[in-house]
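Worksheet: one structure, shown below.
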Amino acid sequence: MKILKFGGKSLDNGSGILTVLDIIIDNYRAGEAPVVVVSARGKSTDALLALAEQACAGEPYEAALQAFWEHQCQDTTLRFEAERVQLERLLSGISLLGECSPRTADELVSYGEVLSSQYVAQALKDRGYEAVAIDSGDFLVTDAHYGSASVFTEASRERCRTLFAGLPPGVIPIVTGFIARDEAGRRTTLGRNGSNYSAALLANFLEASLMENYTHVDGIYTANPSVVAEARKIDELSYADAAELSQFGAEILHIKTIEPLQERGIPLRVLNTFSYGEESNGTLVTAHPRDKVVRALASLSGKALIHFEGRNMLGRSGIDARIFRSFEAAEVSVSLIAQGSTERGTAIVVDEEEADRAVEALVQEFHHDLETGHVTKIYAEKGLAVVAIIGLNLLEFDRPYRALVRNRILPILLSNSVPENTLCLLVRDDEEREKALKVIHGELFERPKRIHLAVIGHGTVGGAFIGQIIQQRELLIAQKNIDLRIFAIADSRHLLLSSSGAGADWTTELERAPFSGDLPEAIISYGQRQALENMILVDNTSSPVIASHYARYAAEGFDIVSSNKKANIAPYADYSYLRDTLQRHRRSYRYETNVGAGLPLIDNLKLLHLSGERITRIHGLFSGSLSYIFNRLTEEPERSLRSIVEESARLGLTEPDPREDLSGEDVARKVLILVRELDVPAELSDVRWENPVPEALRSLSLEDFWARFGELEASIEALRATAKPDEVLRYVGDIVWDDVRQEATLSAGLRLVSRTSPLGRVSGADSCFEIYTESYGSQPIVIQGAGAGAAVTARGVFGDVLRLAEGYES
Ligand code: ASP
Ligand code: MG
């Protein structure tokens, strides 16, 4: 024997009810001997309650009642004459008294199920099957707790068996869910969504082999799909986990549903009426689910935390007893409780509506202790929510917890249930509940992990970077389980926002999204509104203004990746303020491309320094652009400097105004960035750098500069003329650490170096860094490779993003 339970949406007019009839008939024909349990059809329960409210308020309800009957009578020969009269009488009574007691309400809503069972039975008869509508009030006996009555199981079981034993064979029983009667025969109900519970009881009483619960969803999900779009259907679930889940208002599982099934080991399958006939097994709730580590997330809003704080409570017994006694008297029910071992205070989670009552009750009970100062504070903190991770092995909590912290959610309270593996977190309802669900879901269930990037700047480097990200996205999902989503792209006049990630058409989309205003504010608040996790700001501009906002982003939960050097050459006070902010908010800032483009320089330098290796000198070609120019000059001695500089500008290796590179200032900045990595609080003015561009040419217009380029060539020629045969010209950056004076000497300038030395042998636009350290002695560590160019720099930025993303993984 099998119990088929149908929910309200399944039974509603249209395809739902027709499929329900098919399902019943198919089961009957297959010899399953189905016993059918029905909810009220569609939203009938709500409609009846609304009618009661109208009547109660003395408002006219006739039109609504008319609509109710039209809905009930669609596609049936039934006219429900008797029920019409009874309902009308009830409503006019309510209207007359201006009052609807819980008992009357139960009487009223019971019609939803009564009409539903009659409707289904009649429809089956119309199709030539024997069916009988059964009012569960004829066998379910409860106490008189109207609105949410408790079933007397043994008495009900006996009556149920007798009633069913008396049914003629072959007839299909269509039983009302949700409703019952008390011992005096008055109508009661089992609480909203109680039909599942009725069905489970019936399964238990009649020793069914299976209960199928037909709903409008495909099964039980790992989280509410309307909050967590990535939620997945759970194939199999243990009774214990299902019961935990039902505590959190999972609508398809009334809180008491599981117990009667578990008692007899009757499996429950949650199925979707609207996908009947398709390959879908829904969710199976059983004693021994195949997959042991199934988990699910749920949340309950509308919670409050009662703070109870005091002094000298240590060892004073009876405080808790008094707390709970006063709650009992005030009918406050407690959901979570936490108490520190020092007994300085107790924190108790209650429903928000009960919070004031709870505080009042405590203040009354402890008024004397408040006067003496033993109890210092009693107050309620409202607007909270409980997020529950069901079926969690605590060993696995490290990842979700770290992810929560990273996303700036610090649970107010943590509590794990004994003995089930449920962990509850108390968070702020508005700002944190949904985000917490998403973040935890991401960690526990989702592959891939989503990383949200806000990219500012789309010039040569920025544009290449965005292109690389979009191009690699699918591959990274497949290979690394990382989903890089660019949720914001901005330049000085546009801002494109998209939580699912920008696509290949981003340039056109960006054009259509003009923006002026506070950019950090716009990006930060969007990220918050969309509850985006793992946010990284990527700055590919050269703007000091954008760089000055890093601390703001960091304080709001962003990590930062930047090819922009401005934050690192800012006055040391600003430099360290940013680092303090980052540390305070546990954020990372990566800028590998600031020196040597994509070369793995800064990371390695940091590692050496942190591991205690004393770095005595860093010496090399810090600028890929200058490297290119002087290499060409070496390799093609007959060629003019002018044609080489023109060519490198054409290749994008130098800035449009080549003086920006030729001046050596960029090298000086890199010297500063590197020496600061060694914890030397230097300023740019501490770097002695030489500008090969003659004074007279420095402030000319670009055109005039080119016109007088010969003067620069002459000064360079003069230098080359002093070279020995094996010497070549290089623009060299140099950091020398004097351990005695505990001081660094910082310089940059044109130098003649041996052609066979590492710096002399460099070719193309390569940068070259020689790092001398104490343990490596006179043999430097040499890091060399392409040190300029949009593509390599963009790859370097990408690398920084990936390193952060990998960190999120662990
Ligand atoms: N009809 C009732 C309700 O809507 C019971 C149920 O559907 O389970 O709450
Ligand atoms: Mg329902």
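Position 1 is the first residue of the sequence; numbering continues from there. Read the numbers this way: they start at 1 and go in the same order the structure lists the ligands and their atoms. Side chains are part of it too, since the values below use all heavy atoms of this structure and drop only hydrogens, waters and symmetry mates.
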Heavy-atom donor-acceptor pair, S415 side chain to L336 backbone, under 3.5 Å: no
State which residue, out of Q262, E259, R157, fulfils the side-chain hydrogen bond (donor to acceptor under 3.5 Å, both in side chains) condition with N204. R157
Consider every N or O of K5 and every N or O of ligand 1, then say whether any pair is closer than 3.5 Å. no
Decide yes or no for E236 and H288: does some side-chain heavy atom of the first lie under 4.5 Å from some side-chain heavy atom of the second? no
Show the atoms of ligand 1 that are less than 4.0 angstrom away from any heavy atom in S195. 5 (C), 6 (C), 7 (O), 8 (O)
Tell me whether G194 reaches ligand 1 (any heavy atom closer than 4.0 angstrom to a ligand atom). yes
contact_flag E113 ligand 1 heavy-atom lt 4.0 Å: yes
List ligand 1 atoms under 4.0 Å from R192, heavy atoms only on the residue side. 3 (C), 4 (O), 9 (O)
Working for side-chain hydrogen bond (donor to acceptor under 3.5 Å, both in side chains), residues N196 and N213: CA-CA 8 Å; N196 295 304; N213 183 5; 2.8 Å; yes
Atom indices of ligand 1, in the order listed, that fall short of 4.0 Å to a heavy atom of S39: 6 (C), 7 (O), 8 (O)
Side chains of R181 and D135: closer than 4.5 Å at any heavy-atom pair? yes
